Number of protein chains: 2
Amino acid sequence: MTIYEVARHAGVSIATVSRVLRGTAPVAEQTSARVRAAAQALHFTPNRLGRSLAEGRHAANGIVFPDLVGPYYAEVVLGYEEAASELGSSVLILATGRRRDAAAAVVELAGRVDGLVIMGNTVDDATAAGIAAGGVPVVLLAREPLAGIDTIRTRNAASAKVLAAHLVEHGHRRIAFLGDPAGSPDVAGRFAGLAAGLRAAGLPAPEPVSCGLETAAGEAAAAVLLDGDRPDAIVGANDEVALGALLAAAAVGLRVPDDLAVTGWDDVLAARFAGLTTVRQPMRELGATAARWVHRRIAERTADPNRPLAPARRRILPTQLVVRRSCGHHGTPGGS
Amino acid sequence: MTIYEVARHAGVSIATVSRVLRGTAPVAEQTSARVRAAAQALHFTPNRLGRSLAEGRHAANGIVFPDLVGPYYAEVVLGYEEAASELGSSVLILATGRRRDAAAAVVELAGRVDGLVIMGNTVDDATAAGIAAGGVPVVLLAREPLAGIDTIRTRNAASAKVLAAHLVEHGHRRIAFLGDPAGSPDVAGRFAGLAAGLRAAGLPAPEPVSCGLETAAGEAAAAVLLDGDRPDAIVGANDEVALGALLAAAAVGLRVPDDLAVTGWDDVLAARFAGLTTVRQPMRELGATAARWVHRRIAERTADPNRPLAPARRRILPTQLVVRRSCGHHGTPGGS
DNA sequence: GTGAAAGCGCTAACAG
DNA sequence: CTGTTAGCGCTTTCAC
């Protein structure tokens, strides 16, 4: 089913069919009607490949993320999709998950899109830089900046520092961090901020207790931690981990926040119902901003392929501490 | 940056470049090395459009869903992506959200893919059927079957009936449903099953209280409901709605489950922490199955474009009642 | 082993 | 207004 068959069916040339379907040039009403009727009758759906090849653009963008578990990435992707489709681009997704050929998959994806967003802990810098060098605009999300490449992040370290201060104010002294700083730039930033905040309060920086980002991982790691010489407070790398810690605490009969304080990160829906103190980040906005930035880069290149690129942009979106009851008692108004 | 430039750079023909990069035919080691070096030096990424056009396939599938809010759709999409990419397809996503040109967007998407999954309440039957008629394999997900089109759903009505029986057993008699059966096939199925279950117990079927699928919508609708002549139990169309009802109940000082029972659907993470009785459905599996089914359809067509299509397949994936404390007291072992 | 050339489906000059 | 035609980047015969 191609434009040729529609043309034959309608007794016109393929150019006319294209013009009618795209509305790109005036066509006699009668001819136009014939073409539309033929297209309808044949259930013709234009093959986007032909058009894209002829136009020299995919009209599609891609986004690469580790996975879609938990609301965080899903929200980012949704924000991205919304903004991208408003800007006329389809969206290709790629979850690197636990696949071993992540780099190859991302490179292949780069051949399908006009621009690409690469999130956190998905592929190595060389791969990302190589794609950008190949001429495909890249935006890095929740990830360390790379020379010449736009980057958008959320405030991790600074907010973690505030969180540390808050915990110290509650009287907590022995504070443990649950998460793997090496596993994701976000987690690294949160841990660094926590450590800085504790140092600023004259407390020793904790060792991170490495664990995955799911509830089960947090629960298991916390269980081990609580079994020994336990801390006053556990800072989870994200809400899932913190919720796991809550479960582990409950399992050994510890009361939160009396016996143990717990905090998370992301403000997922469950955090609200668990009374979990956490840090909210603008996930949708993160995705939407990324979509706008790639779009702008693409437009720049289209406008003048030879002009030297504008310098790489950087942005850090603000995050917000959400205090609930898991970090300690706040008493009635006026209390601490 | 095309294959021509790589060929020139390496002093070979484009055919050779293609062979080296695809590994599709023997090439002298020396030549091959030259080509790879050239490709590397030029940061060459093959444009998938050319390949797809030549091969006659996109090597991409699409999935259309209402939005990505809440874990449900995100999990389905992730399951889809995982399975599709294992089968060698890229994944295009389209959230119809609150866009008014949903049908057009889906048709356009159909021109970019080898096969398409269309979920729940996204586009009308005519659009879906038209795309299928155009020759693009379609699989319907969480949606009423259409003649000649494969459909996968989860068990809604039957599980809702079980849920109804469970609530009745707890002694609840005045049972309200929070959700809009007209808004989504899943919700319709749940409501129908609930009504059937209540009728089977000799109780009158309730009027559904229409509301959106977010927590805020559930909370608002429940608040109204609880203000008047309130029910014994509220069955939420999904967990978010039910969690909203929990908030509304707490706001007016009602104890759950003593004064009011509440149930949800989906078993999101928050349900566990809110002690919400709910129904779990295999979301990942739903997406993965859909990916395998489109893949199979595409393979069938590729193998023999003229063979009449195999009859439409139907599948209903099982769901599972997860009893927690929000539906009523279950006492100690042996109690009810 | 390697190259030349014919498309894949569509858009966009360029002629009429 | 409408038709002809030359690509867009790549794969794939078919020759050599």
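Everything quoted here is computed from the prediction, not taken from an experiment. In the text below, chain A, chain B and the rest are named by the order of the sequence lines, each starting its count at 1.
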Extract from the structure each pairing of a protein N or O with an N or O of nucleotides 7-10 of chain C at less than 3.5 Å, listing the distance.
residue	atom	partner	partner atom	Å
C:dC8	O2	B:Leu53	O	3.4
C:dC8	O2	B:Ala54	N	3.1
C:dG9	N2	A:Gly50	O	3.0
C:dC10	OP1	A:Asn47	N	2.8
C:dC10	OP2	A:Ile3	N	2.5
C:dC10	N4	A:Tyr4	OH	3.3

Could you write out each protein N or O paired with an N or O of nucleotides 13-16 of chain C at a distance under 3.5 Å?
none

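A:Val12 comes within 4.0 angstrom of the backbone, heavy atoms only, and of no base.
When B:Asp125, B:Asp150, B:Asp186 are each tested for a salt bridge (Lys or Arg N to Asp or Glu O under 4.0 Å) with B:Arg143, only one passes: B:Asp125.
With sequence neighbours excluded, the residues that form a side chain to side chain donor-acceptor pair (under 3.5 Å) with B:Thr154 are B:Gln281. Residues that satisfy the side-chain contact (heavy atoms from CB on, under 4.5 Å) test with A:Ala54, not counting sequence neighbours, are absent from this structure. For B:Arg296, the side chain to side chain donor-acceptor pair (under 3.5 Å) criterion is met by no residue, not counting sequence neighbours. Residues meeting the side chain to side chain donor-acceptor pair (under 3.5 Å) test with A:Ser18, sequence neighbours left out: none.
Over its length, the helix from C:dG1-D:dC16 to C:dG16-D:dC1 turns its helix axis by 40°, as judged from the five terminal pairs at each end, rounded to 10°.
Judged by distance alone, the side chains of A:Thr289 and A:Arg315 never bring a donor and an acceptor atom under 3.5 Å apart. In this structure, a donor-acceptor pair under 3.5 Å is present between the side chains of B:Ser85 and A:Arg99.
For DNA chain D, the contact window with chain A, defined by any atom under 4.0 Å from a protein heavy atom, covers D:dC1 to D:dG9 in 5' to 3' order.
A:Glu55 and A:Arg48 are joined by a salt bridge, as a carboxylate oxygen and a charged side-chain nitrogen come within less than 4.0 angstrom of each other. Using a 4.0 Å cut-off between charged nitrogen and carboxylate oxygen, B:Asp114 and B:Arg297 do not count as a salt-bridge pair.
The neighbour count for A:Glu300 CD, taken as heavy atoms of other residues, nucleotides or ligands under 6.0 Å away, is above 12.
Annotation: salt bridge (Lys or Arg N to Asp or Glu O under 4.0 Å) contacts involving residues 21-35 of chain A, sequence neighbours excluded, comprise A:Glu29-A:Arg36. Residue pairs satisfying the salt bridge (Lys or Arg N to Asp or Glu O under 4.0 Å) criterion with at least one member in residues 1-14 of chain A, sequence neighbours excluded, are absent. Pairs passing the salt bridge (Lys or Arg N to Asp or Glu O under 4.0 Å) check and including a residue from residues 128-139 of chain A, sequence neighbours excluded, do not occur.
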Inset, instruction - Please test A:Val76 against A:Phe65 for side-chain contact (heavy atoms from CB on, under 4.5 Å), starting from the C-alpha separation and ending with a verdict. - result: CA-CA 10 Å; A:Val76 173; A:Phe65 46 84; over 6 Å; no
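Residue B:Ile298 holds its CD1 atom at 4.5 Å from CG of B:Asn61, rounded to the nearest 0.5 Å.
Taking a 4.0 Å limit (strictly below) on heavy-atom distances, residues 30-42 of chain A reaches DNA chain D at A:Thr31.
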